[in-house]
Amino acid sequence: MTRVYNFSAGPAALPEPVLQQAAAEMLDWQGSGMSVMEMSHRGPQFMAIMADAMARLRALLQVPADHEVLFMQGGALGENAIVPMNLLGEHRSIDFIDTGEWSRKSMQEAAKYAQVNVAASSADNGDTRIPARETWRLDPQAAYVHICSNETIGGLEYPDTPDVGTVPLVADMSSSILSQPVDVARYGLIYGGAQKNIGPAGLTIVIVRRDLLGRALPCTPTAFNYRVVADNGSMYNTPPTYAIYIAGLVFRWIEAQGGLPAMAARNAEKAALLYDALDRSALERGGLFVTKVARECRSRMNVTFHLRDDTLTAAFLAGAEARGLVQLKGHRVVGGLRASLYNAMPLAGVQALVAWMAEFEARHG
Ligand SMILES: *Cc1c(COP(=O)(O)O)cnc(C)c1O
C-alpha cells in the first residue's frame, strides 16, 4: 500500500492513525458486534460516541458556557441560508466583508432573505488583501457582520479576529477551524463543513451564542432551526453518525498532538516553509513561482500560487503526481496551483513539495 501526500482543499487528508482505528473498528465497534454505521443514533453506544465528540470539540476550542455546539448537515453552503433564517429576527440587513469566492457565495444566498450590505470588499485589489478594518462601513442596525475567516479558493486569511463592536460577528470557518486556538467568545456564530480540517463530508459544525437562538423566521425548516437542534442535542433528526464518529477520533488525535496550540505551531511551520520557497523563487531564482496574496493575509491553510509561465503548469502537476504529491491544481475559478496544508498534512509532505519545486526550477529556471 502506498499513501500519497494529499494537498486537496476538501474533502481532504485525514490523520493516518484515525483511518487505522476506523478500519480496525469497522466490523465490530468496541465489542458491540456492529459497525458504527449500523447503530441506532438513539442507542447507548452511539449516544456515547456523540457525547464524547461534542465534549472533546468543546474542550479543544474552549467553547464558553454561553455558546451551543451543534452538529448539523447541509455544509457551509447550506448554512449560508440557515444562518440568515435563524439570525435575522427583526433586523432587515446583514453586513458582509467580501474577501473572495466563498464570501460572495454567502452574500448571494443571504440576499434571498435580507438586504445585503457589502461593508468592504477585496474585489478592488484583485482579492490579494483583506480590506483594512478602518475602511469597513458597518451598520450598527445590521443583524450581524459576516466574514469568511479563510478564503479557501483565493488563499486569504484573517490574521486575527476583527473587532466589530456589539453587532454579532459570524464567521465561515470551514477551512481554518481547529487549525489554531480561537477566542470563541468574540463570535456570535461560527460555522463550517467538516471535510476540510475535521473529518468526512456530511457533518457541519455550528457554534452559536445562546442569546441568538429563538429568533428564526417562520419559514425556517424545523430541522435547521438552531433552537430546535440545540434543544434536541443535535438529534432532532438522524445526525450524520459515521462522520461524527470519525470527527471524534480526529478530536482525540488533535488532543494527543498537544491540542490547538501544537496544531498552530505546526501549521505555521509548514506554511512558512512553502511561502519561503515562493519568496526565494521570486527574489533569487528569477521567479518561476509567484504568489500574489499580500504577506499579512496569506492563508496558512491554502497556499495559492502559480507558475509565471502557465504553459509549465501541466508539467509541474504531472511531475508532482509522479512523486506522490497530489491534488495541487488550483480551484477552477482562479486556476494556477494550490497546496492545502490542513492539520493532517505532515511537515514531510511540504518538504517533499518544496524539493520538487526546487528541482523543477533547476530544470526550467
Ligand atoms: C469548502 C467551503 C465551503 C463550501 O462548503 P460545503 O460544505 O461544500 O457547503 C464554503 N466556505 C468555505 C470557506 C469553504 O472552504
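If you're wondering where the values come from, they're calculated on a predicted model, not measured in any experiment.
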Looking at residues at least two apart in the chain, or sitting in another chain, which of them share a salt bridge (charged side-chain N to carboxylate O under 4.0 Å, His left out) with R133? none

Under a single-linkage definition using a 4.5 Å side-chain heavy-atom cutoff for Ile, Leu, Val, Met, Phe, Trp and Tyr, are M37 and I49 assigned to the same hydrophobic cluster? yes

Distance in Å, M85 CE paired with N80 CG, rounded so as to fall on 0.5 Å steps: 11.5 Å

Show the numbers, then the answer: is there a salt bridge (Lys or Arg N to Asp or Glu O under 4.0 Å) between K105 and D172? CA-CA 11 Å; K105 277 245 163 53; D172 176 357; over 6 Å; no

Is the shortest side-chain heavy-atom distance between Y245 and M39 below 4.5 Å? no

Could you list all the ring pair (Phe, Tyr, Trp, His ring centres under 6.0 Å) pairs where at least one residue sits in residues 147-188, not counting sequence neighbours? none

Looking only at heavy atoms, which two atoms of W136 and P162 are closest? And how far apart? CH2-CB, 3.5 Å

Output yes when a side-chain donor or acceptor of R300 lies under 3.5 Å from a complementary backbone atom of N267, and no otherwise. no

How about M357 and R280: do any of their side-chain heavy atoms sit closer than 4.5 Å? no

Nearest 0.5 Å please: distance from the OG atom of S175 over to the OH atom of Y342. 5.0 Å

Is S174 reaching over with its side chain to a backbone N or O of A76, donor-acceptor style, under 3.5 angstrom? no

Determine, using the 4.5 Å side-chain heavy-atom cutoff (strictly less than), whether M235 and L213 are members of one ILVMFWY cluster. no

Using atom types as modelled and distance alone, determine if a side-chain donor or acceptor of N117 lies under 3.5 Å from a backbone N or O of S93. no

Of all heavy-atom pairs linking S281 and L288, the shortest is OG-N, 3.4 Å

As a quick check of understanding, evaluate salt bridge (Lys or Arg N to Asp or Glu O under 4.0 Å) for R363 and E359, giving each step before the final call. CA-CA 6 Å; R363 230 181 267 177; E359 192 185 328; 2.8 Å; yes

If you group Ile, Leu, Val, Met, Phe, Trp and Tyr by side-chain heavy-atom gaps below 4.5 Å, do I94 and V208 land in one group? yes

To which residues is V334 joined in a hydrophobic cluster, defined by side-chain heavy-atom contacts under 4.5 Å among Ile, Leu, Val, Met, Phe, Trp and Tyr, whether direct or through other members? L77, W102, I153, V333

First locate atom CD1 of I254, then atom CG of L249, and finally report the distance between them rounded to the nearest 0.5 Å. 11.5 Å

Would you say the side-chain atoms of N86 pair up with the backbone N or O of F224, donor to acceptor, closer than 3.5 Å? yes

Can you list everything that forms a side-chain contact (heavy atoms from CB on, under 4.5 Å) with A51? Sequence neighbours excluded, please. none

Considering all heavy atoms of both residues, which atom of L61 and which atom of V184 are nearest to each other, and what is their separation? O-CG2, 3.6 Å

Taking M345 as the starting point, is it possible to reach L278 by hopping between hydrophobic residues whose side chains are less than 4.5 Å apart? yes

Just by modelled atom types, is the G165 backbone N or O under 3.5 Å from a matching donor or acceptor in the D163 side chain? yes

Could you walk me through whether Y226 and V229 satisfy the side chain to side chain contact (heavy atoms under 4.5 Å, CB included) test, starting with their C-alpha distance in whole Å, then the side-chain angles of each, then the deciding distance to 0.1 Å, before giving a yes or no? CA-CA 5 Å; Y226 293 145; V229 177; 5.5 Å; no

Pairwise side-chain contact, I82 with Y191, heavy-atom cut-off 4.5 Å (strictly under): no

Could you tell me if the side chain of P239 sits less than 4.5 Å from the side chain of S234, heavy atoms only? no

Please identify each residue that fulfils ring-ring contact (aromatic ring centres under 6.0 Å, His included) with W356, with sequence neighbours left out. F316, F360

What distance separates Y5 OH from L325 CG, expressed to the nearest 0.5 Å? 8.5 Å

Suppose clustering is done on Ile, Leu, Val, Met, Phe, Trp and Tyr with side-chain heavy atoms closer than 4.5 Å. Which residues sit in the same group as V4? V326

Let's go through L337 and T313 carefully: what are the C-alpha distance in whole Å and the side-chain angles of both, what is the deciding distance for side chain to side chain contact (heavy atoms under 4.5 Å, CB included) to 0.1 Å, and is it a yes or a no? CA-CA 8 Å; L337 302 161; T313 304; 4.0 Å; yes

Do I205 and V18 sit in the same hydrophobic cluster, where Ile, Leu, Val, Met, Phe, Trp and Tyr count as joined when their side-chain heavy atoms come under 4.5 Å apart? yes

Any idea which heavy atoms bring A344 and P15 closest together, and the distance? CB-N, 3.5 Å

Taking the side chain as everything from C-beta on, heavy atoms only, tell me whether M173 gets closer than 4.5 Å to V182. yes

Check: N225/T220 side-chain N/O donor and acceptor closer than 3.5 Å: no

Could you walk me through whether V290 and F305 pass the side chain to side chain contact (heavy atoms under 4.5 Å, CB included) check? CA-CA 6 Å; V290 198; F305 56 110; over 6 Å; no

Sequence-distant partners of P181, side-chain contact (heavy atoms from CB on, under 4.5 Å), two or more places apart: L260, P261, A264

From L273 CG over to L353 CG, what is the distance, rounded to the nearest 0.5 angstrom? 8.5 Å

Just by modelled atom types, is the I177 backbone N or O under 3.5 Å from a matching donor or acceptor in the N197 side chain? yes

Between R266 and L347, does a side chain to side chain contact (heavy atoms under 4.5 Å, CB included) hold up when you go through it step by step? CA-CA 8 Å; R266 271 191 212 179; L347 180 64; over 6 Å; no

What pairs with R56 under side-chain contact (heavy atoms from CB on, under 4.5 Å), at least two apart in sequence or on another chain? D52, F251, R252, E255

The criterion is side-chain contact (heavy atoms from CB on, under 4.5 Å); which residues satisfy it with D279, sequence neighbours excluded? R295, R298

Nearest non-hydrogen partners of L217 and G89, listed with the distance: CD2-O, 4.3 Å

Partner residues of R186 under the side chain to side chain donor-acceptor pair (under 3.5 Å) criterion, sequence neighbours left out: none

How about M72 and E79: do any of their side-chain heavy atoms sit closer than 4.5 Å? yes

How would you list all residue pairs meeting side chain to side chain donor-acceptor pair (under 3.5 Å) that involve residues 329-340, not counting sequence neighbours? N302-S340

What pairs of residues pass the side chain to side chain donor-acceptor pair (under 3.5 Å) test when at least one of them lies in residues 32-43, not counting sequence neighbours? none

Is there side-chain contact between N232 and N237, with heavy atoms separated by less than 4.5 Å? no

Contact summary for A142 and V167, nearest pair of heavy atoms: O-CG1, 3.6 Å

Check whether K196 reaches the backbone of T152 with its side chain - one donor and one acceptor, N or O, closer than 3.5 Å. no

Reported CD-to-OG distance for the pair Q195 and S8, which is rounded to 0.5 angstrom: 9.5 Å

Salt bridge (Lys or Arg N to Asp or Glu O under 4.0 Å) partner of R129, chosen from E151, E296, E157: E296

Any heavy-atom pair between the side chains of R3 and L19 that's under 4.5 Å? yes

